[in-house]
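Presented below is the structure to which this report refers.
All values below come from the heavy atoms of this structure, side chains included, with hydrogens, waters and symmetry mates left out. Since the model is a prediction, treat every value here as computed from it, not as a measurement. Note on naming: letters A, B, ... go to the chains in the order of the sequence lines (proteins, then strands), and numbering restarts at 1 for each one.
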Amino acid sequence: MRALALLLLLQAPLWAQLPEGFEVYDTPGDEGSSALAVWKALPKETADASYVVWRAPAKDGPWEEVARFPQTAGWKSDAPQHFGTGSGNKGWHWASIPALAEPGKPPVAMWVKLGVEGAGGAAESAPAEVTPVPNWWAWNKLNVFLFVVAFTCVTFWLISRARRDPNLFIRRIPGLDAMEEAIGRATEMGKPILYLNGLNAMDSISTIASTCILGQVAKRVAAYDTTISVPCFDPVVMGVSQEVMREGFIAAGRPDSYRSDAAFFVTSDQFGYVAAVDGIMIREKPAACFYLGYYYAESLLLAETGATTGAIQIAGTDSVTQLPFFIATCDYTLIGEELYAASAYLSREPIQLGSLIAQDWGKLFLLAMILLGTVVGSAAVVFRAPALLFLKDLFATYS
Amino acid sequence: MNTLPLTLLAQEAAAADPGFWGGPGMQAFGLWVAVGFTLAIYTFLYRDNPVFKFAEHVFVGVSNGYLLCYTWFTVVKPMLVVPLWHAIRPPADKPLEANETLWLLVPAFLSLCMLMRFVPKAAWMSRWAFAFMVGTTSGVLIPLTVQAQIYKQLFPMLGGFVSRGGDTDAVLWVASLKSLLILIGVFAVLTYFLFSVEHKGPVRVFARTGIVFLMIAFGASFGYTVMARESLLIGRVKFLITQAGSEGKYRTFAMMAVVVALVAALEMLRVRATPPPAAEPAPPEAK
Amino acid sequence: MSPELKKMIPRWTVFGIIALAVTIPLVVGGSTRFPATPIVRGVYEEIEKLPEGSPILISSDFDPGSEAELEPMMNAILAHCWRRKLRVVVMSLCSANSMPLAEELVKKAAAEHKAEYGRDYALMKFLPGGTAPILTLGQSWSAILPKDYYETPVADLPAMKGITKLTDFPYMVCVASVATPDYWILAGNAKYGLKMGMGCTAVMATDYYPYISTKQVSGLIGGLAGAAQYEALVERPGLASSKMPTQSVVHVTLVLLILAGNILHFLTKKKGSAA
Amino acid sequence: MTTLKRTVPLGIALVAGLVLILQGFVPHPVSGKVLTWTQSWVVIIAGVSILLGVGSLVQAHATKIHRQSRGWFYSAVTLGTFGLTALGFFHPKGIEPGGPLDWSYQYVMNEMSATMFSILGFFIASAAFRAFRARSVEATLLLVAAVIIMLGQVPVGAYLPGVPQVATWVLEVPTTAAKRAIILGVALGSIATALRIIFGIERAYLGGSE
């Protein structure tokens with residue numbers, strides 16, 4: 001049987017055709033770990049026949065197979081990270097060839113050849129040389145880079161505008177107005193305020209935002225002469241909270257009433273923390289509980305316990321999963337980015353408000369894109385004009 | 001946790017030397033402790049009481065002790081102390097890669113800065129470490145967020161809402177309508193979040209629509225979570241049930257009797273000790 | 001009775017009803033089957049597609065608190081992987097407690113499937129730091145995980161053969177009770193193009209629906225219901241399926257409680273307005 | 001002194017931030033190394049800082065015991081159990097199975113965590129009972145969506161006509177839309193906050209604005 005197959009193979013006229021446009025080049029925008037091979041599809045391709053790609057350290061071998069797939073697979077359009085989403089991808093195949101050099105070691109040249117294998121026979125292309133080199137710039141992330149640059153510029157421009165004209169309009173955020181009220185109420189009742197920073201570490205934007213708000217809260221707490229306690233989940237956050245509060249008390253002109261043990265560490269175990277904080281709530285009966293930052297499952301354990309003590313509860317989180325629980329149990333809830341806006345809103349500093357408006361510009365840009373995309377994109381489908389899908393190309397992320 | 005992993009652990013422990021802590025004695029004792037603390041925590045459902053308070057304080061103490069050791073064994077020792085020690089005294093079989101290890105002096109220095117918080121006069125040095133942590137996070141986050149959150153979420157909305165399919169490649173009305181509603185929803189909710197525009201006129205209409213979408217979404221997430229929360233409760237109740245039978249040496253019943261008796265006794269003491277609540281001024285009612 | 005205690009009565013009633021609704025069906029017992037949705041199939045089919053002997057990465061990102069919800073899911077996925085003869089590599093980004101738990105669960109499942117440590121699966125150490133370790137693993141596996149959970153060099157493990165960086169895994173599943181799927185999506189998928197599926201607690205599931213429509217995540221197993229569906233797919237009814245009757249009772253009870261609450265609310269309101 | 005206290009940290013944040021933004025666009029292995037290193041440094045610093053937390057804890061409870069203030073007995077419980085657990089450090093097995101640390105993790109921490117977590121099963125019910133009242137249009141929407149999804153989640157729901165379909169629709173359309181919008185907003189907000197930090201506009205974390 002094997003002999004027969006061999007015979008057939010030998011007898012078969014070698015009309016296995018080689019594809020056109022075979023080309024090998026260094027993968028752009030990578031760390032030098034691979035090269036790309038591309039070639040045009042054959043006029044007749046079947047799932048039984050395969051493309052094979054080999055690599056070798058020298059022109060005459062030894063050859064090592066690095067890719068093999070049926071002719072009906074491996075399209076350029078499957079790999080927008082290398083080739084984009086343009087219509088030029090039609091009818092082209094590609095393969096990625098791993099570099100010979102170890103990661104981080106100097107680049108090494110290699111030879112690559114393409115083969116066709118199928119019932120009709122086999123054929124191989126002439127080898128081509130390529131050296132995968134590490135690149136210094138990821139051009140496929142240009143759209144991301146431009147967004148970052150543009151957003152930074154807009155932010156700075158709006159900040160400088162805000163400096164010139166500090167009377168910026170910011171709509172009311174009821175949850176933040178209520179904070180002031182809650183602090184006042186705590187003062188009247190002579191009861192403490194409980195402030196939680198969330199469960200993320202200092203390297204989370206929500207926690208950073210929360211400590212910034214704590215600074216503003218501390219100023220008011222100092223001015224009203226109320227007590228505040230900040231049980232912390234993370235030791236670094238505790239340190240930052242202490243710094244922030246100290247400065248808040250200094251800014252309010254009452255450095256002497258600042259107690260460094262107002263922010264204290266509980267434990268970094270999620271439910272140990274909850275048990276302890278719930279205990280504090282039940283025993284100290286704070287007049288107001290602020291939950292600002294990132295929360296996990298403990299949100300409801302905290303807020304529901306707080307609700308039974310009769311405290312005013314104000315929450316703010318960008319943790320989408322926990323928002324429903326805060327909404328159900330708290331008096332006010334800052335939703336998502338309102339948390340980030342809070343510090344700017346409370347501080348009323350023009351610089352901060354300027355960057356808040358930059359967020360709005362970002363949203364307006366997104367709204368415009370969605371609107372444009374809806375109109376143009378729908379037209380593309382209705383009138384069967386794929387060229388109109390250009391917006392998708394602009395915002396595609398190639399990773 | 002149910003009994004299966006414990007029996008499995010027991011087999012394994014038998015293969016290796018179980019030692020005192022892995023031995024059957026400590027295991028059985030552990031289960032008594034586990035059942036006791038489980039019930040003690042549940043007394044919080046009744047109200048705050050000394051039994052819960054005791055469990056809570058044990059919880060905080062044990063978790064801190066464990067986490068301190070854990071961090072040492074998994075982070076500080078292998079990532080900082082051992083490499084630095086090897087830089088001072090290279091082990092015989094490993095030549096020193098000095099230039100790489102010496103970089104560890106940076107986190108070592110910043111860690112020291114952090115610990116300066118213990119010295120009130122030099123506490124400000126911790127700001128250097130704060131700045132490093134906060135700065136690096138912010139930097140890493142910016143490109144990633146644009147790419148993975150903004151662009152990736154925006155992308156599917158740029159192809160319009162009309163979709164075609166089927167044998168005739170006709171417009172799929174139901175799917176298209178669904179996509180259109182999603183688009184309207186995203187548009188409305190984003191409008192609701194605008195800070196610098198007053199919610200008046202057409203903005204108000206969109207913002208109100210946004211709230212409708214938000215409320216449905218929050219309700220849905222709440223409802224969706226019920227199952228998750230109840231499964232945890234089911235898991236715990238299952239544990240108590242397995243420990244209630246003869247296999248579990250009737251631990252649940254025994255501990256339940258102890259915990260209930262303790263709570264009841266302490267409650268009675270408390271009621272006797274405290275004056276009637278009318279003596280306290282009534283706090284203003286929270287809304 | 002003091003007014004303070006009187007205020008607690010509705011709460012105690014609700015707690016009591018829930019306790020009964022959970023305990024009674026558990027004592028009675030039973031099991032239900034749940035047909036799979038396309039979203040759950042998204043994970044199943046990707047694993048089904050992997051050739052025999054492929055490595056698969058599982059990020060076991062949950063701690064004991066969520067064990068009850070995620071253990072059945074983890075078991076079903078592991079059963080599937082070993083049935084397909086895949087090499088399973090388990091790691092964790094979640095917390096100090098997550099890796100000991102993963103070890104316990106995986107070993108238990110391995111014993112059941114006769115999977116051998118080192119050959120059919122490997123356990124890695126817990127990596128703190130969110131996206132940071134993923135970013136590093138994408139560059140080089142050995143940079144932060146040169147040794148496995150038991151201090152064996154990774155190079156000595158047949159299960160880790162050919163793995164030098166994250167993308168050497170054709171697929172990964174993140175089973176999480178915390179926000180680690182965000183990290184995997186952000187750093188693993190967006191940065192390195194790692195193909196991934198995920199399983200998570202029901203509470204988190206809705207958050208990740210958008211990532212399914214953007215195809216960043218191939219599929220999602222949500223909570224116990226998802227696990228029950230996966231168990232049906234791998235034809236291995238287990239923990240999740242057996243918990244479904246209790247879930248049904250609790251859900252219906254809760255809906256009735258909400259209805260009762262509303263009726264009471266409107267009755268008292270009417271009384272209030274009439275007075 | 002102000003330089004050391006204020007300018008240096010701001011400079012550190014600026015340099016670290018800018019370098020890592022650029023890192024995101026540079027695929028070269030050198031840039032990979034920068035990322036790996038800085039990230040592992042953050043892990044190390046966070047690891048060492050646990051001492052800060054423990055210090056704060058011990059100090060707070062020791063003061064309570066020393067002053068014999070109310071509930072000092074419980075502070076003694078915390079300090080005592082903390083000390084006992086930390087003694088496990090000297091056991092040759094460390095945190096490996098078979099040592100005292102693993103035992104206390106398994107039978108104390110693990111069990112109490114799971115129990116505390118499971119209390120949510122009760123709290124979610126009492127929160128729903130209390131908060132889900134059809135007071136306004138918004139509250140009614142919240143209520144109805146929650147009830148539909150609750151029923152759609154369990155096999156029982158499959159027997160109620162329309163419930164599974166409506167539940168899927170709610171998750172696929174309004175929920176997807178709202179979450180997508182929140183994600184977009186949060187993304188913009190976090191970029192804006194990150195920029196404020198890198199460029200020293202937001203410096204509260206260093207203690208105030210002056």
Check ion pair A:K219-A:E247 (N to O, under 4.0 angstrom) = no
Will you find, in the side chains of A:S210 and A:N197, an N or O donor that is under 3.5 Å from an N or O acceptor?
-> yes
Name the option with the most non-hydrogen atom pairs under 4.5 Å to chain A; the candidates are D:S126, D:A114, D:A194, D:S31.
-> D:S126
Under a 4.5 Å heavy-atom cut-off, does chain D meet the side chain of A:V266, its backbone, both or neither?
-> backbone
Are A:M245 and A:V230 side-chain neighbours, meaning at least one heavy-atom pair lies under 4.5 Å?
-> yes
Check each atom of A:A251 against the heavy atoms of chain D and say whether the ones under 4.5 Å are side chain, backbone, both or neither.
-> neither
Tell me whether the guanidinium CZ or amine NZ of D:R133 lies under 6.0 angstrom from the six-membered ring centre of D:F129 and within 45° of its axis.
-> yes
Bottom line for D:I197: the part with an atom under 4.5 Å from chain A's heavy atoms is side chain
Side chain / backbone / both / neither for A:L356 at chain D, heavy atoms under 4.5 Å = backbone
Part of A:L366 within contact of chain D (heavy atom distance under 4.5 Å) = side chain
Are the aromatic rings of A:W137 and A:F145 close, with centres under 6.0 Å apart?
-> yes
Cut-off 4.5 Å, heavy atoms of chain D, and the answer for A:D278 is side chain
To the nearest 0.5 Å, tell me how far A:I205 CD1 sits from D:I191 CD1.
-> 9.5 Å
Please state whether the rings of A:W157 and A:W361 are parallel, tilted or perpendicular, taking 30° and 60° as the class boundaries.
-> perpendicular
Is a side-chain donor-acceptor pair under 3.5 Å present for A:D318 with A:Y340?
-> yes
Side chain, backbone, both or neither: which part of A:I208 has a non-hydrogen atom closer than 4.5 Å to chain D?
-> side chain
Would you please indicate yes or no on a ring centroid separation below 6.0 angstrom for A:F265 and A:F233?
-> no
If one checks every heavy atom of A:D203 against chain D at 4.5 Å, the contacting part turns out to be side chain
Contact origin within A:A201 toward chain D - heavy atom pairs under 4.5 Å = neither
With a 4.5 angstrom heavy-atom cut-off, which part of A:A218 approaches chain D: side chain, backbone, both or neither?
-> neither
Please look at D:A127 and chain A and tell me whether the side chain, the backbone, both or neither of the residue comes under 4.5 angstrom of a heavy atom of that chain.
-> both
Measure distances from A:T305 to the heavy atoms of chain D and classify the residue's part below 4.5 Å as side chain, backbone, both or neither.
-> both
Could you check which of D:A192, D:A139, D:S113, D:A146 has the highest count of heavy-atom pairs closer than 4.5 Å to chain A?
-> D:S113
Which portion of A:F147 sits near chain D, non-hydrogen atoms under 4.5 angstrom = side chain
Do the two ring centres, one from D:F199 and one from A:F156, sit under 6.0 Å apart?
-> yes
For D:L120, is it the side chain, the backbone, both or neither that has a heavy atom under 4.5 Å from a heavy atom of chain A?
-> both
Bottom line for A:S355: the part with an atom under 4.5 Å from chain D's heavy atoms is both
A:A358 portion near chain D, given a 4.5 angstrom heavy-atom threshold | neither
Do A:S343 and D:E202 get their side chains close enough for a donor-acceptor pair, meaning under 3.5 Å?
-> yes
Segment of D:V42 engaging chain A (4.5 angstrom heavy-atom cut-off) = side chain
May I ask you to decide if the ring planes of D:W103 and D:Y107 are parallel, tilted or perpendicular, using 30° and 60° as cut-offs?
-> tilted
Should A:F271 and A:V274 be marked as a side chain to side chain contact (heavy atoms under 4.5 Å, CB included) after you check the CA-CA gap, both sets of side-chain angles, and the distance that decides it?
-> CA-CA 5 Å; A:F271 292 103; A:V274 174; 4.3 Å; yes
Pick from A:R283, A:Q359, A:M238, A:Q242 with the largest number of heavy-atom pairs that fall under 4.5 Å of chain D | A:Q359
D:I182 versus chain A, the contacting section by heavy-atom distance below 4.5 Å = side chain
Region of D:V54 that comes under 4.5 Å of a non-hydrogen atom in chain A | backbone
